[in-house]
Amino acid sequence: MMEQIRLNKYLAECGVCSRRDADRLIEEGRVQINGLRACKGQLVCHGDEVRVDQKIVQKQNQKTVLAFYKPTGVTCTERDVHAEKKITDVISYPVRVTYAGRLDKDSEGLLLLTNDGDLIDAIMRGANQHEKEYVVKVDKEITLEFLDKMSGGIYLKELGITTRKCRAEQSGKYTFHLTLTQGVNRQIRRMCKACGYQVRSLKRIRVMNVSLDGLLPGQYREVMGKEREELYARAGLSGKA
């Protein structure tokens, strides 16, 4: 680190979390610089000692990206003491990584885990409209009317928003594939409920060009080579893989 940078960016580059989550850690008083409580917007320079929850954090020289199959019942959190089973309980990797985009506890499927804060921010930024594909099973027989409503955008009264247009394709009597370009909290479950359906199972099978193929619940693989280069390119980070 040769020049001053904002603390939230430094924490992201260390692979601690996204910049947004870093701001939250700072506000909660869990970040220290040279033994003193850090402030939001503070700058970090070469030689500063930065700690999160009393643990020293440093930049990672090697960027790591993992494709992980999150099982149902696992909560996308690292710190929530009330969670029955956390991400850190089901995956052990020698480099500290965190998730780029969440899946709710009752859902399963692909999570990208990385120590690259820039990649996390790029994937989680809704304006980038990165594709995420899901297989959804519902409680009633699927109709063309239902698929048309889902793909055309659904008004979610409780959030006061209309979802973006997306792609919905039937794959079985009760199952369909849904490809989204946004990530509203529990979006698919809310959309189905607004159409009179209940989600019975939900699995994410793809994030941009990275798929779940070949993985079983709890397993992971490293994203490498051309797949990794394409992921970074789609995230707008060409040449930084």
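Note that the coordinates shown come from a computational prediction; the quantities given were computed from them, not determined experimentally. If you read the sequence from its start, that first residue is 1, and numbering goes on from there.
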Once side chain to side chain donor-acceptor pair (under 3.5 Å) is applied, do any residues pair with S171, and if so which ones, sequence neighbours excluded? T175
Got a second to check how far L202's CG is from R189's CZ, nearest 0.5 Å? 5.0 Å
Straight-line distance of L156 CG to M191 CE, nearest 0.5 Å: 7.0 Å
Okay, side chain of R167, backbone of H177: is any donor-acceptor separation there less than 3.5 Å? no
Whether the side chain of T163 engages the backbone of I154 through a donor-acceptor N/O pair (distance < 3.5 Å, no angle test) should be reported. yes
Results of side chain to side chain contact (heavy atoms under 4.5 Å, CB included) for R102 - residues two or more places apart only: D21, C76, Y99, M124
To the nearest 0.5 Å, how far apart are CG in L212 and NZ in K70? 12.0 Å
I need the I188 CD1 to L180 CG distance, nearest 0.5 Å. 5.0 Å
Any salt bridge (charged side-chain N to carboxylate O under 4.0 Å, His left out) involving residues 173-186? Give me the pairs, sequence neighbours left out, ordered by first then second residue. D104-R186
Find out whether R164 and Q129 are in side-chain contact, i.e. whether some heavy atom of one side chain is under 4.5 Å from a heavy atom of the other. yes
Distance in Å, K55 NZ paired with R30 CZ, rounded so as to fall on 0.5 Å steps: 11.0 Å
Residues in side chain to side chain contact (heavy atoms under 4.5 Å, CB included) with T114, at least two apart? V65, D116, L119, I120
Just wondering, do P71 and E108 contact through their side chains at under 4.5 Å, heavy atoms? no
Give a yes or no on whether a salt bridge exists between E28 and R24, defined as a side-chain N under 4.0 angstrom from a carboxylate O. no
Restricting to pairs with a member in residues 209-220, which pass side chain to side chain donor-acceptor pair (under 3.5 Å), not counting sequence neighbours? S211-D213
Report the residues that fulfil ring-ring contact (aromatic ring centres under 6.0 Å, His included) with Y232, sequence neighbours left out, ordered by chain and then residue number. none
Within a strict 4.5 Å, meaning less than it, do heavy atoms of the V16 and L25 side chains meet? yes
What residues form a side chain to side chain contact (heavy atoms under 4.5 Å, CB included) with I56, not counting sequence neighbours? E49, R51, Q58
Residues that V90 engages under side chain to side chain contact (heavy atoms under 4.5 Å, CB included), provided they are two or more places apart: F68, V74, K85
Those residues at least two apart in sequence (or on a different chain) that pass salt bridge (charged side-chain N to carboxylate O under 4.0 Å, His left out) with K40 are E27
Is a side-chain N or O of N115 found less than 3.5 angstrom from the main chain of T64, in a donor-acceptor match? yes
Would the distance check show the side chain of D121 and the main-chain N or O of D118 forming a donor-acceptor pair, the cut-off being under 3.5 Å? no
Please examine the side chains of M150 and C192, heavy atoms only from C-beta on, and report whether any two atoms are closer than 4.5 Å. yes
Between CD of E84 and NZ of K86, what distance do you get to the nearest 0.5 Å? 11.0 Å
Which pairs count as salt bridge (charged side-chain N to carboxylate O under 4.0 Å, His left out) when at least one residue sits in residues 140-153, sequence neighbours excluded? E145-K149
Quick one: does any side-chain atom of D23 pair with a main-chain N or O of R20 as donor and acceptor, under 3.5 Å? no
Residues forming a salt bridge (charged side-chain N to carboxylate O under 4.0 Å, His left out) with K9, sequence neighbours excluded: E13
Can a side-chain donor-acceptor contact be found between Y10 and Q42 if the only test is distance below 3.5 angstrom? no
Where at least one partner belongs to residues 191-206, residue pairs that pass side chain to side chain donor-acceptor pair (under 3.5 Å), sequence neighbours excluded: E131-R206, E133-R206, Y134-R204
